[in-house]
Amino acid sequence: MTIKEAKIYIREELLPFYPKNEIYSFTKIIFQDLFNITDNELITKEGSILPNDEFEKLSSVIKRLKQFEPIQYITGHTEFYDLRFFLSKSVLIPRPETEELVDIIIKENQRNENLKVIDIGTGSGCIAISLKKNLNKAQVFATDISNDAIQTAKKNADYNSAEVNFSENDILKADNLMFGDIEFDLIVSNPPYIKQSEISLMKKNVLDYEPHQALFVTDEKAFVFYEAIILFSENHLSKKGKIYFEINENHYLSVYKLLINNGFINIQIRKDIFGKNRFIIAEK
């Protein structure tokens, strides 16, 4: 099978399952990751032959994609804020919206030195590590309830040469958080915020493969993580320090009211690139 024939094979196999633009993206990722073939070589070396064992790898990937397994879990990594992050089934795949949140934080704080920052619910570590790489002299902490997630995040920090202080903790049991009298200048979190009643709206690739613990909350306690982080901030956010939240666009007013009722000021609601109310920034 030539490269050209392999490209046709990928397209024909996946057309019943995905739109053309997504198949095009998959094709580039597959050839780059499996065969170390660049985008340019996909065009200039179409007549080159793939060995039989390489076709077996390709066939296996196509089978997994037909089952809607995310390509990022198949390759084991993704790109986020110009950095590479390894993934495991215990962490969410970083979203473009979260990349926007990181960009907002960096642009608003890049002139501030010696910041103390904590990322609560770090997952792959993408927020914490990206902030450490881009904020001058920042001391960055990150915590997660999942030990598997912490191990993945540590691997990513090592790979990206980022010094981040990781710890395994449950924010819902704030007395277990081992930060003593540390006060942070920035508290950042993209916590679980999708209500169980909204599960039917989710795509199969998310429901079947990504960790539900990192995605969903009960309808009865939809804001439990925001409440816990606000409680945590009472003793661990410096005066004039800021909280940065990623939020459910359908319930931004509820988080806004939580912050107002707990004495926060200069509260801003920011939209993402899709025009959805996706971020809240508040000052103590």
Side-chain angles (χ1 to χ4, degrees), residues 1-100 102-103 123-127 129-130 133 148-149 151-161 201-212 214-215 272-274:
M1 174 178 282
T2 64
I3 288 177
K4 181 177 182 179
E5 289 169 337
K7 287 162 64 177
I8 294 170
Y9 167 75
I10 294 170
R11 183 172 67 250
E12 290 182 346
E13 290 293 314
L14 294 181
L15 263 177
F17 302 90
Y18 296 96
K20 289 182 180 179
N21 63 328
E22 199 163 0
I23 295 172
Y24 176 72
S25 177
F26 287 159
T27 301
K28 294 202 298 181
I29 292 170
I30 288 169
F31 276 100
Q32 177 65 54
D33 278 72
L34 288 185
F35 311 128
N36 198 29
I37 295 173
T38 66
D39 293 350
N40 184 57
E41 289 172 335
L42 277 177
I43 299 170
T44 61
K45 296 185 178 181
E46 279 193 333
S48 298
I49 302 295
L50 292 178
N52 289 335
D53 60 337
E54 300 287 24
F55 175 72
E56 290 176 8
K57 290 181 187 177
L58 175 59
S59 180
S60 175
V61 169
I62 296 301
K63 181 178 179 180
R64 294 169 71 178
L65 285 171
K66 285 181 177 180
Q67 295 170 341
F68 297 99
E69 183 174 352
I71 188 72
Q72 295 91 337
Y73 286 144
I74 295 174
T75 63
H77 62 82
T78 192
E79 303 299 314
F80 182 93
Y81 215 77
D82 293 330
L83 299 170
R84 172 166 286 200
F85 287 88
F86 298 105
L87 300 176
S88 68
K89 295 293 180 66
S90 61
V91 302
L92 290 179
I93 299 166
R95 284 1 188 225
E97 298 92 324
T98 306
E99 206 167 17
E100 288 183 73
V102 166
D103 193 57
S124 66
C126 62
I127 292 176
I129 293 166
S130 299
K133 297 290 286 187
D148 287 343
Q151 297 310 312
T152 299
K154 285 182 176 179
K155 178 181 178 181
N156 285 323
D158 289 342
Y159 180 81
N160 287 293
S161 301
L201 304 175
M202 305 299 293
K203 293 182 178 179
K204 184 176 176 62
N205 61 319
V206 175
L207 284 176
D208 288 356
Y209 294 98
E210 298 201 59
H212 286 203
L215 287 167
D272 62 20
I273 55 174
F274 305 109

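We count residues from 1, following the sequence as given. Predicted model, so just to flag it, every value in this text is computed and none were measured.
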A.B. asks: Using the benzene-type ring in the case of Trp, are the ring centres of Phe68 and Tyr18 under 6.0 Å apart?
C.D. replies: yes

A.B. asks: Quick one: closest heavy-atom pair of Leu50 and Glu54, and the distance?
C.D. replies: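 Residues Leu50 and Glu54, closest heavy atoms: CB-CB, 4.5 Å.
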
A.B. asks: Is the backbone of Thr2 close enough, under 3.5 Å, to the side chain of Glu5 for a donor and an acceptor to pair up by distance?
C.D. replies: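 Yes, the answer is positive, given that a donor and an acceptor are paired below the 3.5 Å cut-off.
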
A.B. asks: Which heavy atom of Ser124 sits nearest to which heavy atom of Leu87, and what is that distance?
C.D. replies: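 In this case the closest contact between Ser124 and Leu87 is CB-CD2, 4.2 Å.
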
A.B. asks: Grab the two heavy atoms, one from Val102 and one from Ser130, that are nearest each other, plus how far apart they are.
C.D. replies: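 The pair with the smallest heavy-atom distance is CG1-CB, 3.8 Å.
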
A.B. asks: Going by ring-ring contact (aromatic ring centres under 6.0 Å, His included), name the residues that satisfy it together with Tyr81, two or more places apart in sequence or in a different chain.
C.D. replies: none

A.B. asks: Checking side-chain contact (heavy atoms from CB on, under 4.5 Å) between Glu69 and each of Lys89, Lys204, Lys63, which is the one that passes?
C.D. replies: Lys89

A.B. asks: Can you give me the closest heavy-atom contact between Pro70 and Ile93, atom names plus distance?
C.D. replies: CB-CD1, 3.4 Å

A.B. asks: Using a strict threshold of under 4.0 Å (side-chain N to carboxylate O), is an ion pair present between Arg95 and Glu210?
C.D. replies: yes

A.B. asks: Could you check whether Tyr209 and Tyr73 have their ring centres less than 6.0 Å apart?
C.D. replies: no

A.B. asks: Between Ser88 and Thr152, do the side chains contain an N or O donor and an N or O acceptor separated by less than 3.5 Å?
C.D. replies: yes

A.B. asks: Crowded around Phe17 CZ? As in, over 12 foreign heavy atoms under 6.0 Å?
C.D. replies: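 Yes, CZ of Phe17 has more than 12 neighbouring heavy atoms, counting only those of other groups under 6.0 Å.
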
A.B. asks: Answer yes or no for Lys155 and Phe86: cation-pi contact, defined as NZ/CZ to six-membered ring centre under 6.0 Å and angle to ring axis within 45°.
C.D. replies: yes

A.B. asks: Shortest non-hydrogen contact from Lys7 to Leu42?
C.D. replies: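 That closest heavy-atom pairing would be NZ-O, 3.2 Å.
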
